[in-house]
2 protein chains.
Amino acid sequence: MSGDGTVGKALDVLDLVAGFGHPARFSDLLAHSPYPKATLYRLLQTLVTQRMLAFNPDRSTYTLGLRLVRLAHAAWDQSALAPIARPHLDVLSAEVGETVHLAQMDHAQVLYVDKRNARDPIPMYSQAGKVGPAYCTGVGKAMLAYLPEANLPGILSQQSWHAFTAKTITSATAMMQELTLIRARGFAFDDEEHEPGIICVAVPILSTGGAVLGALSVTSTTARTNLGKLAELAPRITQIARTIGQETTNWRFPEETAHPNRERA
Amino acid sequence: MSGDGTVGKALDVLDLVAGFGHPARFSDLLAHSPYPKATLYRLLQTLVTQRMLAFNPDRSTYTLGLRLVRLAHAAWDQSALAPIARPHLDVLSAEVGETVHLAQMDHAQVLYVDKRNARDPIPMYSQAGKVGPAYCTGVGKAMLAYLPEANLPGILSQQSWHAFTAKTITSATAMMQELTLIRARGFAFDDEEHEPGIICVAVPILSTGGAVLGALSVTSTTARTNLGKLAELAPRITQIARTIGQETTNWRFPEETAHPNRERA
DNA sequence: AAAATAAGTTTCACATATTGGAACCTGCAA
DNA sequence: TTGCAGGTTCCAATATGTGAAACTTATTTT
């Protein structure tokens with residue numbers, strides 16, 4: 001598959017372990033891996049000594065390792081968008097009192113990188129970090145609409161176009177029309193296209209150069225509101241998204257000199 | 001070094017990029033990497049195609065990739081301790097109104113996996129994920145005290161014993177005494193051993209079998225309180241830690257059958 | 001504008017790490 | 001004892017990775 005040399009294979013194994021929602025045994029992994037027993041065994045060993053995986057000798061199971069958590073912390077922290085956007089998410093969340101999502105494109109999918117929930121703010125790890133489809137979510141469509149046209153065919157061809165609901169857009173051509181509409185309007189809706197009863201408004205977050213950095217959305221239910229009312233929030237959301245976009249663009253590393261790299265033990 | 005074949009080198013490079021707090025150029029990385037130009041170049045390319053790193057062609061810089069964020073989500077989510085402990089951290093945080101830390105041992109260091117801050121609860125990624133020394137933090141000492149004796153010499157020999165403050169414990173022998181004291185008392189203090197003015201109480205989180213799962217601490221400042229007052233919190237913290245330990249132990253995977261692995265696109 | 005320098009990329013003969021079939025250990029059940 | 005499944009190790013064949021050096025851009029300097 002994606003196998004780019006040994007590293008690619010090792011990372012595949014990492015994904016495999018991550019895919020199980022629980023500690024996995026060697027034989028579980030073997031059954032779901034394309035690699036022969038000895039090869040998988042060695043890959044696992046390597047990952048364990050690298051502390052990307054942890055091996056529990058009592059139960060002889062593999063789980064994801066703490067080095068991953070450390071790397072991930074760094075990943076989130078130095079992604080330009082998420083840390084900058086956070087205070088703005090707080091503001092928006094407080095103002096609208098509805099679920100707020102921050103997402104980025106990952107491959108051809110949507111990756112939720114942060115989230116706010118009205119009543120009790122849910123710490124991000126729990127809910128963010130998940131991936132979702134691009135073609136039937138508000139944030140996905142908002143980003144697609146502002147992507148360079150050259151990239152679109154490639155990305156659209158990777159969508160699964162599964163009809164989650166009767167309103168799901170299920171073809172690239174229909175999507176192209178929708179995207180034109182979104183560009184004209186400046187924001188995107190999700191009109192129960194992914195889950196029945198769930199609707200949202202989403203706006204893209206653009207760099208000052210116009211590049212898509214991510215998307216911001218406010219989600220609610222048809223029981224509580226409707227698209228018309230959500231649309232009224234769009235100017236405010238757009239304003240916040242523009243601020244985030246500008247701050248992120250400006251946060252362009254003013255040529256550090258010192259090397260703040262971790263010292264080796 | 002840690003170099004376990006190609007995978008080890010690739011992960012070293014990943015750490016290197018993570019070590020910079022900002023997007024890094026090829027030459028920056030080259031200057032701080034033990035690998036020759038061509039080798040580093042290829043490793044970077046591999047990591048980029050694997051989406052563990054992202055390359056920005058405009059500025060020709062490398063940053064950590066989104067695949068890492070996804071993996072990290074899974075890592076945190078299926079680590080037995082952190083998700084189970086979260087609601088308890090919320091409770092403790094609300095009760096004591098001080099900073100609360102949840103930590104685990106990583107190698108011979110302390111990894112903070114979750115955190116609560118009194119005023120505005122800070123979502124974990126931002127502040128947690130950091131590593132700290134074991135020998136001069138409350139959580140570190142609490143865990144050391146309950147580790148199997150056989151593991152102790154190895155771990156203690158890896159401590160740097162840097163005297164952050166005048167009160168820092170700076171030798172393995174002194175630490176052994178301190179650990180005996182901690183076991184007798186059932187909880188650990190950090191008496192300004194890491195940062196002046198910062199004090200904390202910490203208790204270990206143990207499985208019902210007695211294995212160290214992590215540690216829980218409440219941190220404050222000498223300006224606001226003192227060790228005596230912090231000690232009064234110990235019974236409550238211990239109680240919560242015991243609950244977390246029990247729940248974590250009980251949450252022992254009841255032999256799943258189906259394979260809930262992510263489908264490949 | 002030309003020359004000099006630096007930054008990034010590719011090449012290729014060579015060394016090494018990876019491969020995976022098969023043999024080999026366990027522990028456990030019949 | 002035998003059988004068997006999960007797990008671990010071997011080792012020759014070979015695919016992969018290596019890195020000095022050559023080569024292309026960019027970016028200065030003269």
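First the proteins, then the strands, lettered A, B, ... as listed; each starts at 1.
B:A54 is linked by a side-chain contact (heavy atoms from CB on, under 4.5 Å) to B:T63, counting only residues two or more places apart in sequence or in another chain. A:R242 meets the salt bridge (charged side-chain N to carboxylate O under 4.0 Å, His left out) test with no other residue; sequence neighbours excluded. For B:R183, there are no salt bridge (charged side-chain N to carboxylate O under 4.0 Å, His left out) partners, not counting sequence neighbours. Scored by the side-chain hydrogen bond (donor to acceptor under 3.5 Å, both in side chains) test, A:T243 finds no partners at all (sequence neighbours excluded). Residues passing the side-chain hydrogen bond (donor to acceptor under 3.5 Å, both in side chains) test with A:Y62, sequence neighbours excluded: none. For B:S60, there are no side-chain hydrogen bond (donor to acceptor under 3.5 Å, both in side chains) partners at least two apart in sequence or on another chain. Under the rule for a side-chain hydrogen bond (donor to acceptor under 3.5 Å, both in side chains), A:S157 has no partner lying at least two apart in sequence or in another chain. Qualifying side-chain contact (heavy atoms from CB on, under 4.5 Å) partners for A:L30, counting only residues two or more places apart in sequence or in other chains: A:F26, A:K37, A:L40.
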### Task
Could you encode protein contacts along nucleotides 12-30 of chain C as a string, one character per nucleotide from 5' to 3', using B for base contact, S for sugar-phosphate-only contact and - for no contact, with a heavy-atom cut-off of under 4.0 Å?
-----SSBBB---------
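The footprint of chain B on DNA chain D, defined by a heavy-atom cutoff below 4.0 Å, extends from D:dG17 to D:dA20.
Rounded to whole angstrom, the span from the OH atom of B:Y41 across to the C1' atom of C:dT9 amounts to 5 Å. With rounding to whole Å, B:L40 atom CG is found 11 Å from C:dG8 atom C1'.
In the helix from C:dA1-D:dT30 to C:dA30-D:dT1, the terminal helix axes, each the rotation mapping four pairs' C1' atoms onto the next four within five end pairs, subtend 20°, rounded to 10°.
Ring pair B:Y135/B:W161 is tilted by interplanar angle, where 30° to 60° counts as tilted.
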Which donor-acceptor pairs under 3.5 Å do side chains of residues 139-150 of chain A form with protein atoms, sequence neighbours excluded?
unit_1: A:K141; atom_1: NZ; unit_2: A:E178; atom_2: OE2; d: 2.6
unit_1: A:K141; atom_1: NZ; unit_2: A:F189; atom_2: O; d: 2.9
unit_1: A:K141; atom_1: NZ; unit_2: A:E193; atom_2: OE1; d: 2.8
unit_1: A:K141; atom_1: NZ; unit_2: A:E193; atom_2: OE2; d: 2.9

